[in-house]
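The model shown is predicted, which means the values in this text are computed figures rather than measured ones.
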Amino acid sequence: MSYLPVKQLLQTEPGQTVTVKGWVRTKRESKNAVFIALNDGSTIHTIQAVAEAGQLPDETLRLITTGACVAITGELVASQGAGQAVEVKITDVHIYGPADPEKYPLQPKRHSLEFLREIAHLRPRTNTFSAILRVRHALAFAVHKYYNDNGFYYLNTPIITASDAEGAGEMFRVSTLDPMNPPKTEEGKIDYSQDFFGRETNLTVSGQLEGELGALALGKIYTFGPTFRAENSNTTRHLAEFWMIEPEMAFFELEDNMNLAEDFVKSVIRYALDHCADDLAFLDNRLKEEEKTKKKEEQSEMSLLDKLRFVVDNDFERLTYTQAVEILRNSKPAKKGQFQYEVSWGIDLQSEHERYLVEKHFKKPVILTNYPREIKAFYMKQDDAPATNERGDVFGPTVRAMDVLFPGIGEIIGGSQREDDLDKLTARMHEVGIEPEAIWWYLDTRRFGSAPHAGFGLGFERLVLFVTGMGNIRDVIPFPRTPKSAEF
Ligand code: ATP
Ligand code: MG
Ligand code: MG
Ligand code: MG
């Protein structure tokens, strides 16, 4: 007798005695038999187990309800029904944990995503969420595989950081001081010298600055860890706790950075297509059903699988921020005043602008480069000449930034070539009001053996959002953290 996950069992030759363990999805009783569909999370599929009517003790039969955890032993036989090659002819059932049908919140029907968010502790037992979580796993594995195959080292950057150079206002403070009664200095300020680390500390908003230190020693590194931002807006694209993948490469310039970002994203999506066929087919179908409930003009032209294949098979569009602004200003929505935010050179593009470029204008992923210096972080490499357009208008200074924009989402990657010139970097820090002393260790890499380098950050959940076709970032992470919500 052997215990096999359902995934393997479904591919096993009939004729042996097996035990299968999992959660009951449905029980169906006919005049002659009882049919149980069992899922154990190893696959989207269930295995069917069959007993003759009257074969199972009444008490056992009563406890086999949706959600109950059971072990079923029996002979693996060829299945009569369509769909599956094998089923289990039951000889014994053991109940591990019953689930009172009066109280168990999951029923064999499609629940709304809003309802499932309220029971995030149980939703992995649904088809939709188990599929998402398996795809998420495959993508995470593909990320590590991609970088390992391409000569990168996995560098763990700190989660608790003292650097406050980035993300002002979005940081979660880390402190062991009594919040009601913190020690005070003579001037009446909180005395962080008495805090655990002897100074102010925060949860990281990005591993980039530390990642750069790694790249300027190991050549090519990547981080893949949790990232925290006290985003006070409630959007379908932002979490307070998300996972970010940040490669950083010595001797890479902006063009190399773009090439890597495109190849990387395509490669991990291809991995999911190759390794998650059943789950993606399920999610594809789910989305098709959802599309049918929409108005004809709002229905997507492409299925989820078509979209994924399209992204993998086609070059991303590449253009500068300045070119994008020209396109947006000449677009119908801008002329008719349909954008919520007006477009002019220098604005930080909003998601409505990004999505217009991707979904309406180019109809493919887009990489925008050379953004205005004023809207980007201090560490990005400054371009030599200011931006100009075809008419010869001259705009402000730009930096070698790049954002990768995806359909349905907008920004999925933000990156840049880094400023490697110490004088330019410190001058820029003074301009934006950052004390160079605060990150003396970062500046040391420019002081000693500086090198051209570049990197980017990919929000892992935004990638999972795209690959699964889901619409809300809360539905692609097991335990979403958003304002006023951290129950589980
Ligand atoms: P956005 O403009 O969407 O707020 P950002 O420009 O603030 O993103 P970056 O600092 O460039 O984000 O971070 C790199 C990547 O991390 C982004 O491209 C995005 O994929 C992801 N990301 C940023 N903030 C969040 C968040 N709150 N939740 C989930 N992913 C995020
Ligand atoms: Mg942001
Ligand atoms: Mg942004
Ligand atoms: Mg960004």
Side-chain angles (χ1 to χ4, degrees), residues 3-7 9-10 18-77 79-84 86-134 278-279 282-283 285-286 289-290 293 470 474-475 478-480 485 487-488:
Y3 161 62
L4 284 177
V6 171
K7 189 178 178 183
L9 212 53
L10 289 173
V18 296
T19 296
V20 54
K21 304 178 183 187
W23 292 267
V24 174
R25 280 292 167 80
T26 57
K27 176 180 69 176
R28 190 163 56 83
E29 288 177 82
S30 76
K31 215 167 84 199
N32 302 323
V34 182
F35 302 92
I36 301 164
L38 202 69
N39 179 276
D40 67 354
S42 63
T43 165
I44 191 80
H45 302 295
T46 52
I47 188 153
Q48 174 161 282
V50 190
E52 283 169 24
Q55 179 195 335
L56 297 175
D58 285 351
E59 180 60 5
T60 304
L61 195 59
R62 191 181 67 79
L63 293 177
I64 299 174
T65 57
T66 298
C69 185
V70 303
I72 293 176
T73 301
E75 194 190 343
L76 197 65
V77 298
S79 182
Q80 305 301 319
Q84 270 173 20
V86 290
E87 61 186 28
V88 180
K89 206 169 155 221
I90 299 178
T91 53
D92 185 51
V93 175
H94 173 74
I95 311 272
Y96 284 121
D100 183 347
E102 298 292 309
K103 296 189 180 134
Y104 188 58
L106 292 171
Q107 292 307 316
K109 64 162 196 177
R110 180 152 294 169
H111 294 284
S112 78
L113 295 170
E114 290 76 22
F115 170 71
L116 291 174
R117 252 169 249 148
E118 288 166 19
I119 51 161
H121 58 304
L122 292 173
R123 67 180 183 174
R125 293 190 189 179
T126 64
N127 278 334
T128 300
F129 280 89
S130 65
I132 292 167
L133 293 178
R134 280 186 299 269
D278 289 358
D279 288 321
F282 172 83
L283 292 167
N285 234 349
R286 185 191 167 280
E289 300 279 311
E290 203 179 276
T293 65
M470 300 300 288
R474 292 166 179 78
D475 297 332
F479 305 101
S485 164
E487 180 85 12
F488 310 102

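If you take CD on E290 and CG on L283, they are separated by 11.0 Å, rounding to the nearest 0.5 Å. With rounding to the nearest 0.5 Å, the separation of CG in L63 from SG in C69 is 12.5 Å. Distance OG/S485 to CZ/R117: 10.0 Å, rounded to 0.5 Å. One finds the CZ atom of R123 at 11.5 Å from the CG atom of L106 (value rounded to the nearest 0.5 Å). Interatomic distance, CG of L76 versus CD1 of I47, reported as 6.0 Å (0.5 Å rounding).
Using the six-membered ring where Trp is involved, H111 and F115 have ring planes that are tilted, between 30° and 60° apart.
In this structure, the side chains of I119 and H121 come closer than 4.5 Å at one or more pairs of heavy atoms. By the 4.5 Å heavy-atom criterion applied to side chains, K21 and D40 are not counted as neighbours. With contacts defined as side-chain heavy-atom distances shorter than 4.5 Å, the pair I90/I36 qualifies. A heavy-atom distance below 4.5 Å is not found between the side chains of V18 and T73. By the 4.5 Å heavy-atom criterion applied to side chains, V70 and I95 are counted as neighbours. The shortest distance between side-chain heavy atoms of F282 and N127 falls below 4.5 Å. Residues M470 and T128 meet the side-chain proximity criterion, which asks for heavy atoms closer than 4.5 Å. Residues V77 and E87 are in side-chain contact: their nearest non-hydrogen atoms beyond the backbone lie under 4.5 Å apart.
Contact between N39 and I44 at its shortest, heavy atoms only, is ND2-O, 3.7 Å. Closest heavy-atom contact between G41 and R134: O-NH1, 2.7 Å. Contact between A99 and T65 at its shortest, heavy atoms only, is O-OG1, 3.0 Å. Of all heavy-atom pairs between K27 and V34, the closest is CG-CG1, 4.0 Å. Here the closest heavy-atom approach between residue G67 and residue W23 is recorded as O-CD1, 3.5 Å. Shown here for T91 and G74, the closest heavy-atom pair between the two residues is OG1-CA, 3.6 Å.
Taking a 6.0 Å sphere around CD of E75, one finds it holds more than 12 heavy atoms contributed by other residues, nucleotides or ligands. Sparse packing is recorded around CG of D58, with 12 or fewer heavy atoms of other residues, nucleotides or ligands lying under 6.0 Å away.
Side-chain atoms of Q84 come within 3.5 Å of backbone atoms of T46 as a donor-acceptor pair (strictly under, hydrogens ignored). A donor-acceptor pair under 3.5 Å links the side-chain atoms of S42 to the main chain of K7, judged by distance alone. In terms of modelled atom types and a separation under 3.5 Å, the side chain of T66 and the main chain of T26 share no donor-acceptor contact.
Look at E59 and R62 and you find a salt bridge, because one of the NZ, NE, NH1 or NH2 atoms lies within 4.0 Å of a carboxylate O, short of that distance.
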Step by step, work out the side chain to side chain contact (heavy atoms under 4.5 Å, CB included) result for L113 and F129. CA-CA 10 Å; L113 295 170; F129 280 89; 4.0 Å; yes

